Every structure is written in C-alpha cells, then in structure tokens.
Novice: 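This is the structure I want to talk about, given as structure tokens.
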Amino acid sequence: MTITELKYSNTNTYLIEGDKGTILFDTGWAGTFVAFCRELGEKHKALQDIDYLLISHFHPDHMGIAGEIAECGPKVLIMDLQLPYIHSSDAIFGKENNRFFKPISENDLKVVSVDESRAFLTSIGINGEIIYTPGHSDDSISLYLDDGSLFVGDLNPLYELDMHKGTDIEKSWNNLLSRNPSRIYYGHAKTATFVENDMPVETKENDNPPKYFMN
C-alpha cells in the first residue's frame, strides 16, 4: 500500500493505493480542480487511477471539487450516516457565486455503513476501517489503516485535546487512540508520528513551535 500527500490547496488530501483499488481522502475548495490535476501529474499519478473519493466531512474546503472528480469516474464513497450532509455546503458556494462548483450527484455515490467499511476496504486491497468521529462536525469520519496510518480530516489535533475534555472530540480521540495509530494525517496540521514511549510528535502549521508530546 502506498500513501501520497497531494498539496494543492489549504487542505491536505491523500491518495491511498491498495492492491485492488485507490482512494482519494478529501479534496480542496471549489476552483482547485486544475491545481489538483497538476499535482497528480507532478506526483506521477493519474485521475483515471482513482476508484473512490472518501470525504472526512462535507465542509466546503474538504468536498469542494468532489463533484468534478466524480464526473471523471471515481465514486464518492460515503457512510450512510453522512448522507444528510452531502449538500450542506452547496449554499455556501452559491452565495459566493463560485462558478466552478459542481454539486455531488447521487448517481455517483457508493454508500456503505461504518460496520461494513472493513469488508469493503478489504475488497479493494486496503486493510482498515472507517470510524465515525464526531466533534468537529456531526458528519465527521476518520480512516484507520491496519499499518497504523490514521486520517482524521478536521478532528481537532491532539495538541489541543486538553481544551476539549468531556466533549465528543475527546471521545472520538479515545476511540481512535485505542487502535494504537503510529502516524496521524491531519486535514490542515502537519502529520504527527508516534515516537519513543508511544508519544506523538506534532508541529503546528505556519509557525515553529516546540514539539508537542501527549501521553
């Protein structure tokens, strides 16, 4: 399995290549499709190689070009609990008169439940599961892979966890950390890697703070 970070907008997106299929995790804002295709080319990848698009949550900076990508062939892999939210950002793009935005068509969906996610991922050669992780939004999901890779979208970073005691954010993190991830891929912050004593080292984006450690 191969993980490739695609950096073409303010949102970190990831290409996850399994033995029998490829998933794109998240997209950027509407209007970044050309930049997305250019970034694919620079990483020696092709849009035609993507089988599924998995959206961590349906805020505009994570699903903005999902409709355009789906028109090119990939299916939008969506959890059944996310279905009420797939058009939640349409009005935002309409209000800003974003001429690039294309809504996601229900014809382009592949709907599964979180309970079915492991079996589905296995069918495309990716060992892992999709987990419901509310906190940042009610439709947030995370992708955990059995090699320890964890994709969390906009779930608040671990270095902020002390500020969210007793909330859904803490509950979601406790659920994820029980799986012993080794590397955390964020939607906006830099990737965190667990080092000695099972403590993650994280660096905030756009500044140079000291390393963050958390038990």
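Below, each value reflects all heavy atoms present in this structure, side chains not excepted, and no hydrogens, waters or symmetry copies. No experiment lies behind these values; they were computed from the predicted model shown.
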Novice: Which residues pass the side-chain contact (heavy atoms from CB on, under 4.5 Å) test with Lys171, sequence neighbours left out?
Specialist: Asp168

Novice: Any salt bridge (Lys or Arg N to Asp or Glu O under 4.0 Å) pairs touching residues 19-33, not counting sequence neighbours?
Specialist: none

Novice: Does His87 have any side-chain contact (heavy atoms from CB on, under 4.5 Å) partners at least two apart in sequence or in another chain, and if so, which?
Specialist: Asp90, Pro103, Glu106

Novice: Output all residues satisfying side chain to side chain donor-acceptor pair (under 3.5 Å) with Asn175, sequence neighbours left out; order by chain, then residue number.
Specialist: Arg179

Novice: Which residues pass the ring pair (Phe, Tyr, Trp, His ring centres under 6.0 Å) test with Phe33, sequence neighbours left out?
Specialist: none

Novice: Which residue pairs pass the salt bridge (Lys or Arg N to Asp or Glu O under 4.0 Å) test with at least one member in residues 135-154, sequence neighbours excluded?
Specialist: Arg118-Asp146

Novice: Give a yes-or-no answer on whether the side chains of Ser142 and Thr133 include a donor-acceptor pair shorter than 3.5 Å.
Specialist: yes

Novice: Following the transitive rule for hydrophobic clusters with a side-chain heavy-atom cut-off under 4.5 Å over Ile, Leu, Val, Met, Phe, Trp and Tyr, establish whether Leu155 and Tyr85 coincide in one cluster.
Specialist: no

Novice: With Asn156, which residues qualify under side-chain contact (heavy atoms from CB on, under 4.5 Å), at least two apart?
Specialist: His136, Glu160, His164, Ile169

Novice: With under 30° as parallel and over 60° as perpendicular, where do the rings of His62 and His57 fit, or are they tilted in between?
Specialist: tilted

Novice: Please list all pairs passing the salt bridge (Lys or Arg N to Asp or Glu O under 4.0 Å) test where one or both residues lie in residues 36-55, with sequence neighbours left out.
Specialist: Glu17-Lys45, Glu39-Lys43

Novice: Considering only Ile, Leu, Val, Met, Phe, Trp and Tyr, and joining two whenever side-chain heavy atoms are under 4.5 Å apart, list the other residues clustered with Val114.
Specialist: Met1, Ile3, Tyr14, Ile16, Ile23, Phe25, Tyr52, Leu54, Leu77, Met79, Leu81, Val112, Phe120, Leu121, Ile124, Ile126, Ile130, Tyr132, Ile141, Leu143, Leu145, Phe151, Tyr185

Novice: Going by side-chain contact (heavy atoms from CB on, under 4.5 Å), name the residues that satisfy it together with Lys102, two or more places apart in sequence or in a different chain.
Specialist: Glu68, Glu71

Novice: Run the side chain to side chain donor-acceptor pair (under 3.5 Å) test against Thr11 and tell me which residues pass, sequence neighbours left out.
Specialist: none

Novice: Taking only residues two or more places apart in sequence or in another chain, which ones pass side chain to side chain donor-acceptor pair (under 3.5 Å) with Asn98?
Specialist: Glu96

